[in-house]
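Written below as structure tokens is the structure these notes are about.
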Amino acid sequence: MSTQTEKRPTHELRPGRLRALGLATLGLAVGFWAWGLLSPLAPMYRELLTLTPFEVSVLVAVPVILGSLLRIPLGALTDRYGGRPVLAVALALTAVPVLGLTVVETYPLLLAVAFALGLGGAVFAVGIPFVNAWFPPHQRGFALGVYGVGNAGTAIAAFTAPGMVDILGRAGGFVLVAAALLITAVAIALLGRDSPAWTPATVPFTRRMLDALRLRTAIDLAALYAITFGGFVAFGVYLPTFLEDVYALATADAAARAGGFIVLATVARPVGGALADRYGGEQVLRVAFAVVAAGAVVAAFEPPIALATVAFLSMAAALGTGNGAVFGLLGTRIPAPQVGSVTGLVGAAGGLGGFLPPIVMGLVREATGSYAIGLMLLSSVALAGLVHTWWRFIIAERLGLSETSSS
């Protein structure tokens, strides 16, 4: 059934494909908007609750934990029940911790609500299999890249959160985000539908996850996504604090510059997917990792703000392109019935990849008074990703040592 559906003329399913892609991208954007609320407001909470740099780094990193771990069960639930109901319910439930932000006044409670906000980031794992089922293999890299534009929700948070709090107050701003979540959830429930090519998985969850873990390609992609998406998340949540500390920028200016980083990385994502469709994701990833490694070294020396801006924007473009390339590879190398489970695994790795860097940066800053060591570590990890990509997807394939999965 799946093969026959994908061989039908493109125009026959295009309206359904575009609507599914649009709704999924909207859902991701709104979910990430909620997920990214605390990062641009971290300076406000630092003053309000008298937090140390380490406590601030933990606060902005905590939403990443649940946003990472929940991707595994949400991806598996999507394989079993379909993207439409899982995405709608997940967005509706995310409204609960957003409303919780209107009443918290202590650091422990704030951490608890921040943890629950991770659900907004976990919706990422729902949209990938949902969109993937609508498109044939040769279009999946671009389609999943377009879906990844929903990452702009983090940029929306960076640009709007400080202003919302100033104009509407904390309660009013958070109520607005919660309303957006609920409206989007209802729209997806009423207007969305799963692809005719999709069939529910019948294999038990545990077995599906074990099967996914046995795929060496899935482990490779998880490691590479931990670097590309992890870097994106880490800079997205910590860049405002970094810019304030190093360049003494005002909170609004630092948040806006971080938003620009996120926008560029987001726009680059479909470009990375399209390039992966055309030239192969492994080639795109090699270039992306090289750019990140070089940019991190430049930023480590804390150069003038103009040069630092070039370095960070170069890394943003490379990380976004790398994100698109990873899912371009996933869409063509993972069997269709396992896309949801593997997406959950890869997405979790990416989210967890974004959890540690902010904490490391905070610890390094407290211990040395500089971020240089943390940025040099990022450069080293990017170089390791380049070597891993070269070995696993180029050399190993030439030697006949890799899996040859197709969907």
Side-chain angles (χ1 to χ4, degrees), residues 26 28-64 66-67 91-121 150-184 233-245 247-263 266 354 358 362:
L26 174 63
L28 180 63
V30 177
F32 269 44
W33 184 17
W35 193 35
L37 281 174
L38 289 180
S39 174
L41 297 176
M44 178 191 74
Y45 283 112
R46 177 169 57 184
E47 294 182 8
L48 187 66
L49 302 176
T50 317
L51 305 180
T52 67
F54 176 70
E55 287 173 328
V56 172
S57 66
V58 171
L59 174 64
V60 298
V62 158
V64 178
L66 191 64
L91 289 173
L93 290 177
T94 304
V96 176
V98 172
L99 291 174
L101 288 173
T102 63
V103 296
V104 295
E105 296 290 346
T106 65
Y107 185 64
L109 282 178
L110 184 59
L111 286 180
V113 173
F115 180 75
L117 277 177
L119 180 57
N151 286 343
T154 312
I156 294 172
F159 284 124
T160 63
M164 284 193 310
V165 170
D166 287 341
I167 297 171
L168 302 175
R170 277 192 293 162
F174 296 140
V175 167
L176 177 63
V177 177
L181 285 162
L182 293 173
I183 291 171
T184 304
V233 171
F235 279 121
V237 301
Y238 203 73
L239 195 53
T241 302
F242 175 92
L243 293 174
E244 283 196 57
D245 286 347
Y247 295 101
L249 298 182
T251 299
D253 188 11
R257 288 173 184 267
F261 178 97
I262 296 166
V263 168
T266 299

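Keep in mind the model is a prediction, meaning the values are calculated, not measured. FYI, the numbering just counts along the sequence from 1. Values below: every heavy atom of this structure, side chains too, minus hydrogens, waters and symmetry copies.
- From F261, atom CZ reaches atom CG of L243 across 10.5 Å, with rounding to the nearest 0.5 Å.
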(request) Assess whether side chain to side chain contact (heavy atoms under 4.5 Å, CB included) is satisfied between F235 and F242, documenting all intermediate values. (result) CA-CA 9 Å; F235 279 121; F242 175 92; over 6 Å; no

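- Residues satisfying the salt bridge (charged side-chain N to carboxylate O under 4.0 Å, His left out) test with E244, not counting sequence neighbours, are R46.
- When all heavy atoms of P40 and A161 are compared, the pair lying nearest together is CG-CB, 3.7 Å.
- Pairing each heavy atom of A34 with each of V98, the nearest pair is CB-CG2, 3.7 Å.
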(message) Under the criterion side chain to side chain contact (heavy atoms under 4.5 Å, CB included), I'd like the reasoning laid out for L37 against F174: C-alpha separation, chi angles, the key distance, then a yes or no.
(response) CA-CA 9 Å; L37 281 174; F174 296 140; 4.0 Å; yes

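- Residues forming a side-chain contact (heavy atoms from CB on, under 4.5 Å) with L99 (at least two apart in sequence, or on another chain): V175, A178.
- Of all heavy-atom pairs between L38 and P63, the closest is CD1-CG, 4.4 Å.
- Under the side-chain contact (heavy atoms from CB on, under 4.5 Å) criterion, F115 pairs with V62, I65, L66, not counting sequence neighbours.
- Note: E105 CD to L49 CG = 8.0 Å, rounded to the nearest 0.5 Å.
- Rounding to the nearest 0.5 angstrom, the gap separating the OG1 atom in T94 from the CG atom in L119 is 3.5 Å.
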(message) For W33 and T160: C-alpha separation, side-chain torsions, deciding distance, then whether side chain to side chain contact (heavy atoms under 4.5 Å, CB included) applies.
(response) CA-CA 9 Å; W33 184 17; T160 63; 3.4 Å; yes

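- Note that CG of L239 and CZ of R257 are 10.0 Å apart. Values are rounded to the nearest 0.5 Å.
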(request) Could you walk me through whether L101 and L117 pass side chain to side chain contact (heavy atoms under 4.5 Å, CB included), step by step? (result) CA-CA 10 Å; L101 288 173; L117 277 177; 4.0 Å; yes

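- Contact of the L110 side chain with the Y45 side chain is registered, since non-hydrogen atoms from C-beta on lie closer than 4.5 Å.
- A157 and P162 get closest at one heavy-atom pair: O-CD, 4.1 Å.
- Formation of a donor-acceptor pair under 3.5 Å by the Y247 side chain with backbone atoms of A254 is not found in this model.
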